[in-house]
Enquirer: 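What follows is a single structure, and I will ask about it in a moment.
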Protein chains: 2
Amino acid sequence: MVKMTDKLIPDIVVGRLPRYLRAIQQMSKEGFQTTSSQVLGERLGISAAQIRKDLSQFGEFGKQGTGYPIPYLIQQLQHILKINRKWEMVLVGVGDLGHAIARYQGFANGGFHITMVFDNDPKKIGSQVGDYIVKDIALLDQNVRAAGIKIAMLTVPASEAQTVADCLVQSGIQSILNYAPVTLTVPPHVHVQNIDPVINLQRMTYYLD
Amino acid sequence: MVKMTDKLIPDIVVGRLPRYLRAIQQMSKEGFQTTSSQVLGERLGISAAQIRKDLSQFGEFGKQGTGYPIPYLIQQLQHILKINRKWEMVLVGVGDLGHAIARYQGFANGGFHITMVFDNDPKKIGSQVGDYIVKDIALLDQNVRAAGIKIAMLTVPASEAQTVADCLVQSGIQSILNYAPVTLTVPPHVHVQNIDPVINLQRMTYYLD
DNA sequence: TAGATTGTTAATCGATTAACAATC
DNA sequence: TAGATTGTTAATCGATTAACAATC
């Protein structure tokens with residue numbers, strides 16, 4: 001049955017979809033043609049019921065008795081997550097981490113591509129990092145706006161992160177992957193995801209002794 | 001009143017504590033002596049009621065009328081998270097990302113320190129990365145065991161991550177911060193946290209158009 | 001057909017919020 | 001004292017799980 005209305009999907013469900021996609025892409029690489037909520041659940045440490053419930057929010061992708069066809073499910077998940085296209089991104093901040101990200105090969109098959117790289121350090125502007133020539137951050141607004149880029153990765157020092165984020169929002173950026181260890185303040189239409197290893201580590205030490 | 005019993009704290013509560021700590025450390029740096037659940041909540045985008053409830057699971061840190069004394073709350077949170085000591089860590093995998101992490105200055109005031117760095121590439125073994133000489137991964141087990149290290153950061157290629165993780169577990173590691181885009185399988189006593197930018201990005205594209 | 005597995009409902013479980021007495 | 005804010009309880013809200021008819 002075709003879904004006619006756009007139900008509101010809980011954010012926590014959306015957050016699991018990329019993990020489902022990653023797992024079935026892995027299974028595809030291993031040569032499997034179909035999978036089941038049970039098998040997927042075991043691989044991901046998630047209950048089979050939850051996987052079925054999550055997927056059923058978006059459509060009926062499986063068959064009773066045989067499970068889910070992998071190529072079809074990959075295609076559907078990519079469609080749902082809107083990664084059945086290539087998203088252009090900008091990277092701001094070319095320290096060690098920005099350098100590593102600029103050279104990371106893993107974005108391409110996730111649906112992403114870094115288009116431009118910026119920094120404010122005159123010593124870095126004009127230099128080559130990976131396949132990119134570092135641009136002056138003063139040119140960020142006009143470049144991002146002209147290219148209609150929606151996604152930014154932020155790898156500047158914590159002290160500059162909010163200022164640069166403001167500038168990104170001003171330029172039309174709607175999604176920020178923030179590597180700086182600060183809580184960014186942005187308008188409601190802008191989505192922020194944080195990557196902060198210290199937070200992850202501190203969460204684990206609670207369970208150590 | 002002193003807590004006599006160790007209640008079981010939900011993992012989701014533990015996961016918020018490092019963010020509370022980060023926020024009040026920031027306030028401390030800004031010169032504040034006290035804060036309230038209200039102010040903290042506004043900074044973090046979390047309800048005041050939730051912050052009070054979370055903190056009250058561990059003790060009574062505040063005063064009616066005046067809120068929470070910042071230095072005391074910092075101290076208490078560090079104690080709860082067991083980061084009132086310095087945790088030694090190993091880093092495995094010296095690609096671009098491992099390189100960036102080895103040189104990252106942000107671990108120290110989070111309560112962490114990288115003790116050793118490993119790789120299996122003969123061209124890298126013996127070379128200097130940050131303050132470290134890269135060691136042969138074949139020596140990982142004896143080194144980690146001898147030093148009693150409990151925490152590892154994993155920055156090897158996806159194809160090798162599970163094998164190296166097995167090796168880490170074997171060596172006595174109990175917490176793994178995994179940067180490889182795979183779901184690791186580990187025994188129940190080992191905690192894993194994943195950092196995977198593509199997952200974060202795919203979660204945000206759902207909301208773009 | 002017989003066995004397997006979906007999609008979905010209802011029940012359970014857990015987390016968040018609202019409200020307020022206590023009290024600084 | 002009067003105002004502010006905690007710690008905690010009860011109410012609400014949302015997420016997960018169990019169960020099973022439908023059906024491949």
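Each chain gets a letter, A, B and so on, in the order its sequence line appears, and its residues count up from 1.
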Enquirer: Is there a side-chain contact between B:Tyr68 and the phosphate of D:dG7, meaning an N or O under 4.0 Å from OP1 or OP2?
Expert: yes
Enquirer: Please determine if a side-chain N or O atom of A:Ser37 lies less than 4.0 Å away from the OP1 or OP2 oxygen of C:dT6.
Expert: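 So the side chain of A:Ser37 is within the cut-off, an N or O lying under 4.0 Å from OP1 or OP2 of C:dT6.
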Enquirer: Could you check whether any side-chain N or O of B:Lys135 sits under 3.5 Å from a backbone N or O of B:Leu140, counting only pairs where one atom can act as donor and the other as acceptor?
Expert: no
Enquirer: With a cut-off of 6.0 Å (strictly less than), are more than 12 heavy atoms of other residues, nucleotides or ligands near NZ of B:Lys29?
Expert: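 Check fails, neighbour count at 12 or below.
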Enquirer: At less than 4.0 Å, is any side-chain N or O atom of B:Ser47 found next to OP1 or OP2 of C:dT17? Yes or no.
Expert: yes
Enquirer: Rounding to a whole Å, what distance do you find between B:Leu8:CG and C:dC13:P?
Expert: 16 Å
Enquirer: Check this one for me: any side-chain N or O of A:Arg16 less than 4.0 Å away from OP1 or OP2 of D:dA15?
Expert: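 No, no such contact exists.
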Enquirer: Nearest whole Å is fine: how far is C:dG7 P from A:Leu55 CG?
Expert: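 After rounding, the gap between these two atoms is 8 Å.
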Enquirer: Any idea which of D:dT8, D:dC20, C:dA4 is nearest the A:Gln64 side chain?
Expert: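 Output: C:dA4.
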Enquirer: In whole Å, I'd like the distance from the CD1 atom of B:Ile51 to the C1' atom of D:dT6.
Expert: 13 Å
Enquirer: Between A:Lys53 (NZ) and C:dT12 (P), how many Å, whole number?
Expert: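 From A:Lys53 NZ to C:dT12 P: 16 Å.
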Enquirer: Between C1' on D:dA18 and CD on A:Gln38, what's the gap in Å once rounded to a whole number?
Expert: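 Those two atoms, CD and C1', are 14 Å apart.
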Enquirer: Determine the interplanar angle of the A:Tyr207 and B:His191 rings, folded into 0 to 90°, and report it as parallel if under 30°, tilted if 30 to 60°, perpendicular if over 60°.
Expert: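 Ring orientation of A:Tyr207 relative to B:His191: parallel.
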Enquirer: Please, what dot-bracket string fits DNA chain C when only Watson-Crick and G-U pairs with both distances under 3.5 Å count, crossing ones use [ ] and pairs to another strand use |?
Expert: ..||||||||||||||||||||||
Enquirer: Find which nucleotide of DNA chain D each of B:Arg52 and A:Ile12 is nearest to by heavy atoms, and output the residue with the more 5' nucleotide.
Expert: B:Arg52
Enquirer: Give a yes or no on whether A:Lys86 atom NZ has more than 12 heavy-atom contacts from other residues, nucleotides or ligands under 6.0 Å away.
Expert: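 Correct, the count exceeds 12.
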Enquirer: Is the closest side-chain heavy-atom distance between A:Ile83 and A:Phe112 below 4.5 Å?
Expert: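 Side-chain contact under 4.5 Å: yes.
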Enquirer: In whole angstrom, what separates B:Gln50's CD from D:dT12's C1'?
Expert: 14 Å
Enquirer: Tell me, yes or no, whether the heavy-atom count around B:Glu30 atom CD, taken from other residues, nucleotides or ligands under 6.0 Å, exceeds 12.
Expert: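 Enclosed: over 12 neighbouring heavy atoms sit under 6.0 Å from CD of B:Glu30.
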Enquirer: Take the protein atom CG of B:Leu40 and the nucleotide atom P of D:dG7, then report the distance between them rounded to whole Å.
Expert: 13 Å
Enquirer: Nearest-Å distance, CD (A:Glu60) to C1' (C:dT8)?
Expert: 10 Å
Enquirer: On DNA chain D, nearest-nucleotide positions of B:Gly67 versus A:Ile46: which is more 5'?
Expert: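 Comparing both residues, the 5'-ward one is B:Gly67.
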Enquirer: If we ignore angles and hydrogens, is there a donor and acceptor under 3.5 Å between the side chains of B:Gln50 and B:Asp54?
Expert: no
